[in-house]
**Q** 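Sharing a structure here in structure tokens format.
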Amino acid sequence: MNKIVVLTGAGISAQSGLGTFRDAGGLWAEDAIEDVATPEGFTRDPALVHRFYNARRAQAAQAQPNAAHAALAQLEAEYPGDVLIVTQNVDNLHERAGSRNVIHMHGELAKALCHACGHRWGAPLVMHPTDACPVCQAPAVRPDVVWFGEVPYGMDMIDPALSNADVFVSIGTSGQVYPAAAYAQHSRRLGAHTIELNLEPSANSRDFAEAHYGPATDVVPNWVARMLDCT
Ligand code: BV8
């Protein structure tokens, strides 16, 4: 039975109105990476970081899953094999489209983390540095997302899934952030057929045996239809 691992990045949510990071006018056009995507930046100015994530949480709450998210949910429901989505995205559009088997390796906007006691809970829409942790009461709340220099979530599940994958598909990512950017090469070495579905060739496009370029709402449903046709 075929096992499919799908890696997604900000590009799959672009047509739902959510910003990507590195495209022109992207999320890091206004706020520098070191200020909003590192623990040092959070320590330096937690109010700035909370404002950055509060704005993204509000945007994500207004966004709707698009045809690419829906196609992946259909693949998981109808494909006679395993389908795992490993997403770098912190929005919940995969789940809202119906996908169940999803690992958020860079965390989730919908979750809050206490960096004093490690407690996790559902994030309110707006968070402030002075908010108290509901368990230890420390004013130590942060978005439950993975910043640069922090260990991604789910590695104990992702690595075996990549080793056993028959097909590895990368959707809407520029292939510049590790360890995710190494997944295509890693799974290809272990025998997987690797496919890139992206607006344009990514930084690691040479790692893929097959590629289809265009908006995710075109290339992803087309690819899913082909996968379901040959079952
Ligand atoms: C770690 C926070 C150790 C969440 C983010 C040197 C070599 C190798 C590694 C390193 C190195 N130096 C430092 C590192 C490690 C570092 C790293 O990779 N640095 C890079 C810059 C070199 N990585 C880390 O620190 C990671 N941790 O390595 O820990 C470890 C590792 C393994 C095991 C144990 C320990 C942590 C990385 C997490 C960083 N957090 N953000 C948030 O705010 O969301 S990064 C940020 O970039 C987001 O998380 C995002 O998910 C990620 C990737 O961005 P993309 O999703 O690809 O988005 P981007 O804008 O770049 O591209 C969009 C793409 O979509 C484009 O290709 C575009 O063409 C396409 N597109 C646009 N529109 C559409 C479209 N495609 C289709 N349709 C469309 N309509």
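Both counts, for ligands and for their atoms, begin at 1 and track the order of listing. One is the number of the first residue; the rest follow in order along the sequence. Excluded from the calculations below are hydrogen atoms, water molecules and symmetry mates; all remaining heavy atoms, backbone and side chain alike, are included.
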**Q** At a 4.0 Å threshold, what atoms of ligand 1 neighbour a non-hydrogen atom of Pro215?
**A**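 What qualifies from ligand 1 is 78 (N).
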**Q** Pull out every atom of ligand 1 sitting under 4.0 Å from any heavy atom of Gly172, numbered as shown with elements.
**A**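 It comes down to these atoms of ligand 1: 63 (C), 64 (C), 65 (O), 76 (N).
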**Q** Could you find the nearest protein heavy atom to atom 54 (O) of ligand 1 and give me its residue, atom name and distance?
**A**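 Ranked first by proximity to atom 54 (O) of ligand 1 is Arg22 NH1, 2.8 Å.
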**Q** Under 4.0 Å, heavy-atom basis, I'd like to know which part of Gln15 is in contact with ligand 1: side chain, backbone, both or neither.
**A** side chain
**Q** Name the orientation class of the two ring planes belonging to Phe168 and Phe208 (parallel below 30°, tilted from 30 to 60°, perpendicular beyond 60°).
**A** parallel
**Q** Considering only protein heavy atoms, which is closest to atom 45 (S) of ligand 1, and at what distance to one decimal place?
**A**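 Closest protein heavy atom to atom 45 (S) of ligand 1: Phe148 CZ, 3.6 Å.
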**Q** Among all protein heavy atoms, pick out the one at the shortest distance from atom 76 (N) of ligand 1; state its residue, atom name and that distance to 0.1 Å.
**A** Leu199 N, 3.2 Å
**Q** Show the nearest heavy-atom pair for residues Leu109 and Arg57, with the distance to one decimal.
**A** O-NE, 2.9 Å
**Q** When you check the gap from the basic side-chain N to the acidic O, do Asp207 and Arg188 get nearer than 4.0 Å?
**A** no
**Q** State plainly whether the residues Asp82 and Lys3 are in salt-bridge range, i.e. N to O under 4.0 Å.
**A**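 The answer is yes: the pair qualifies as a salt bridge.
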**Q** Heavy-atom distances under 4.0 Å decide this one: backbone, side chain, both or neither, for Glu150 against ligand 1?
**A** backbone
**Q** For Gly149, state whether at least one heavy atom is located under 4.0 Å from any atom of ligand 1.
**A**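 Yes, Gly149 has heavy atoms under 4.0 Å from ligand 1.
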**Q** Quick one: look up the protein heavy atom nearest atom 23 (N) of ligand 1 and list residue, atom name and how far away it is.
**A**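 Among all protein heavy atoms, the one nearest atom 23 (N) of ligand 1 is Tyr178 O, 3.1 Å.
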**Q** With a cut-off of 4.0 Å, which atoms of ligand 1 are near a heavy atom of Asp23?
**A** 68 (C), 72 (C)
**Q** Please report whether atom 6 (C) of ligand 1 has a protein non-hydrogen atom at a separation of less than 4.0 Å.
**A**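 No; the ligand atom in question lacks any protein heavy-atom contact below 4.0 Å.
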**Q** Is atom 3 (C) of ligand 1 less than 4.0 angstrom from some protein heavy atom?
**A**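 False for atom 3 (C) of ligand 1.
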**Q** For atom 12 (N) of ligand 1, is some protein heavy-atom partner under 4.0 Å away?
**A**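 Under 4.0 Å from atom 12 (N) of ligand 1, zero protein heavy atoms found.
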**Q** Taking non-hydrogen atoms only, is Ala181 closer than 4.0 angstrom to ligand 1 via side chain, backbone, both or neither?
**A** neither
**Q** Considering only protein heavy atoms, which is closest to atom 42 (C) of ligand 1, and at what distance to one decimal place?
**A** Arg56 NH1, 3.5 Å
**Q** Is the distance between the ring centroids of His94 and His69 less than 6.0 Å?
**A**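 When the ring centroids of His94 and His69 are compared, they turn out to be within the sub-6.0 Å range.
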**Q** Select one of side chain, backbone, both or neither to describe which atoms of Val90 lie under 4.0 Å from any atom of ligand 1, heavy atoms only.
**A** side chain
**Q** Within the structure provided, determine whether Leu93 and Arg96 are in side-chain contact (heavy-atom separation under 4.5 Å).
**A**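 A side-chain contact exists here, since the closest heavy-atom pair is under 4.5 Å.
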**Q** Any ion pair linking Arg56 and Glu108 (charged N to carboxylate O, less than 4.0 Å)?
**A** no
**Q** Which atoms of ligand 1 have any heavy atom of Gln176 under 4.0 Å away?
**A** 20 (C), 21 (C), 22 (C)
**Q** Compute the minimum heavy-atom distance from Met105 to ligand 1 and say whether it is under 4.0 Å.
**A**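 No, that is not the case, since the closest heavy atom of the residue is not under 4.0 Å from the ligand.
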**Q** Heavy-atom pairs closer than 4.0 Å: do any link ligand 1 to the side chain of Ala14, the backbone, both, or neither?
**A** side chain
